[in-house]
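Nothing here was measured: the structure is a model prediction, and the numbers come from that model. First listed ligand is number 1; within each ligand, the first listed atom is number 1. One is the number of the first residue; the rest follow in order along the sequence.
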Amino acid sequence: MNRQQASAPKADILVIDDTPENLAVLSKMLTERRYKVRSVTKGSTGLRGAKAAPPDLILLDIKMPQMDGYQVCQQLKADERTRDIPVVFISALGDVLDKVKAFSVGGVDYITKPFQVEEVLARLDTHLTIRKLQKQLQEQNAQLQQEIRERASAEEKFAKAFRSSPNPIAIATLSDGRFIEVNSSFLRMSGYSQAEIIGRTAAELNLEIAPETYAQAVGQLLEKGSLHNQEFEFRPKSGEIRTVLLSIELIELSGVQCTLNIINDITERKRLENEFISLVSHELRTPMNSMIGALDILSTGQLGTLTDRGRQVLDIAIANTERLIRLVNDILDLERMKSGKISMQKVKCNAADLLIQAAEAMEPMAEQAQIALRCEPLSTDLWADPDRLLQTLTNLLSNAIKFSEAGQTIWLRAHLHPDRIQIQVQDQGRGIPADKLQRIFEPFQQVDASDSRKKGGTGLGLSICRNIIEQHDGRIWAESTLGQGSTFNITLPLLFSKQLTINN
Ligand code: ADP
């Protein structure tokens, strides 16, 4: 026991008794037991004292002149400040104690004179303990009430936001992805009715274009706790694909872990963006082509000889113009591929030939960057557009070279699976952060905003690659370890090549 505990009084007791001897006995008995005692001889003084500084317990004599104990007790119980203080009545053995009255006016117990020390102490202790527990309960109760109020108001806020949000919102179970609740904006966007959605999964409703990407997103969510504005394609009942940004939070509803999916439909914004970009690109193409023509004529020297400085400036102008033309061509290429205006010209071709051709085409660039390019071709027949596959491979190789250092190696290799071929472009370069591995396949998405300027790219290469591979019913994805290198993987089905072999 520390000194403070030893010296702190056990409780504050107010004794009201008109007999000074009684007061002296009680006061001594209690003070010795480390109670703090205040004694008064008149009911009215006791009442004033109790109101001014409420004690933990009151010992109250019944028989007193002017105001008796019952009256004092009644007044104590009538006042908010003193109502809860336990009152123990004191009665002399010879007095007729009206026990019923004592309890009915609010007393909790009584003791009789002459006092039996142990009995008095035991009773005081009991009532002080009861009072303490009562107080604790009241406090806990108040705290619970407060928490309930706060919860109710939080729930109301959430419910209102959920109901009236212009963003489609859906709550689904985390374990099996069944929809528990969706708001009216979600119903509007999806085209389904509440009854059609609740209890079903996105897969059952065929809402996701790429279910594996959603599964990956949920994986990321579990790792990080939330997911913000990831782009997805969403298929409503009408079948007309919509592009959405999805944010997911984990929530617990009645003990069940759920995902709160908040959607931002950006289909229209994307359409306008694409329309604008392709319009501008078309308008830019003609003047840029004539510009490069003019610059070419200047560089031949037909119009006069340039100084060395003039030549340098001209070379910069040519490099920049060429980059702009590449950008415009890539934009138009991607746009036409997306809208289905370009179709793949598929023929039977050999994977080994394509790998070798791609490596040969990129060899000069690799050599200039002092990077070793290793090609491990694999011979198998594919049903593919060779020009487009070559475009994809050279793009991946060019990226690998751009993001590697001199002295490093790049591998272009292939493996055969029962139903598909897997082609890999592996580098030892700077690597790609995990959260960008998917995003870099979106148009204009770069790990570093300055990449295209510094490395001369357009930020469209990987989107075009993805489009080409998807049109071959294949898949493309990146794996990477920061600082150690990246591997770009392509898989293409062998289905057609097999059929061809059988037919031959
Ligand atoms: P860009 O024209 O900028 O190369 P891409 O669509 O081909 O456009 O690539 C997008 C971005 O992905 C690049 O700007 C770069 O940030 C990142 N990237 C692509 N390939 C690699 C790689 N092999 N290593 C590191 N980062 C890469």
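Polar contact check, L462 against ligand 1: a nitrogen or oxygen pair lies under 3.5 Å apart. Looking at ligand 1, you won't find any N or O of Q445 less than 3.5 Å from one of its N or O atoms. Taking any N or O of I432, backbone or side chain, none lies under 3.5 Å from an N or O belonging to ligand 1. In terms of polar-atom proximity, Q446 is counted as a contact of ligand 1, with an N or O under 3.5 Å from an N or O of the ligand. Where the criterion is an N or O separation shorter than 3.5 Å, residue side chain and backbone included, D448 fails it with respect to ligand 1.
Those atoms of ligand 1 with a heavy atom of G459 less than 4.0 angstrom away are 1 (P), 2 (O), 3 (O), 6 (O), 8 (O). Each of the atoms 1 (P), 2 (O), 4 (O) of ligand 1 lies under 4.0 Å from some heavy atom of K402. Under a 4.0 Å criterion applied to the non-hydrogen atoms of A400, ligand 1 contributes the atoms 23 (N).
The closest donor-acceptor contact from the side chain of T259 to the backbone of L250 lies at 3.5 Å or more, if one exists at all. Using a distance-only test at 3.5 Å, with no hydrogens or angles considered, a donor-acceptor pair links the side chain of S190 to the main chain of L187.
Residue-level proximity to ligand 1 for D427 is carried by the side chain, the only part with a heavy atom below 4.0 angstrom. With a 4.0 Å cut-off on non-hydrogen atoms, F488 touches ligand 1 through its side chain and not its backbone. Of the heavy atoms in R430, only side-chain atoms (C-beta onward) come closer than 4.0 Å to ligand 1. At a 4.0 Å heavy-atom cut-off, ligand 1 touches V447 through backbone and side chain alike.
S486 counts as a contact of ligand 1, since one of its heavy atoms falls under 4.0 Å from the ligand.
How far CZ of R475 is from OG1 of T491: 5.5 Å, rounded to the nearest 0.5 Å.
Using modelled atom types, one finds no donor on one side chain facing an acceptor on the other under 3.5 Å when comparing S404 with D427. If you check the side chains of Q216 and E212, you find no donor sitting under 3.5 Å from an acceptor.
In E80, the CD atom is not crowded: 12 or fewer heavy atoms of neighbouring residues, nucleotides or ligands sit closer than 6.0 Å.
One finds a salt bridge joining E196 and K237 here, because a Lys/Arg side-chain nitrogen approaches an Asp/Glu carboxylate oxygen to under 4.0 Å. Remark: E405 does not engage R430 in a salt bridge, criterion side-chain N to carboxylate O under 4.0 Å.
For E367, the side chain to side chain contact (heavy atoms under 4.5 Å, CB included) test picks out E363, with sequence neighbours left out.
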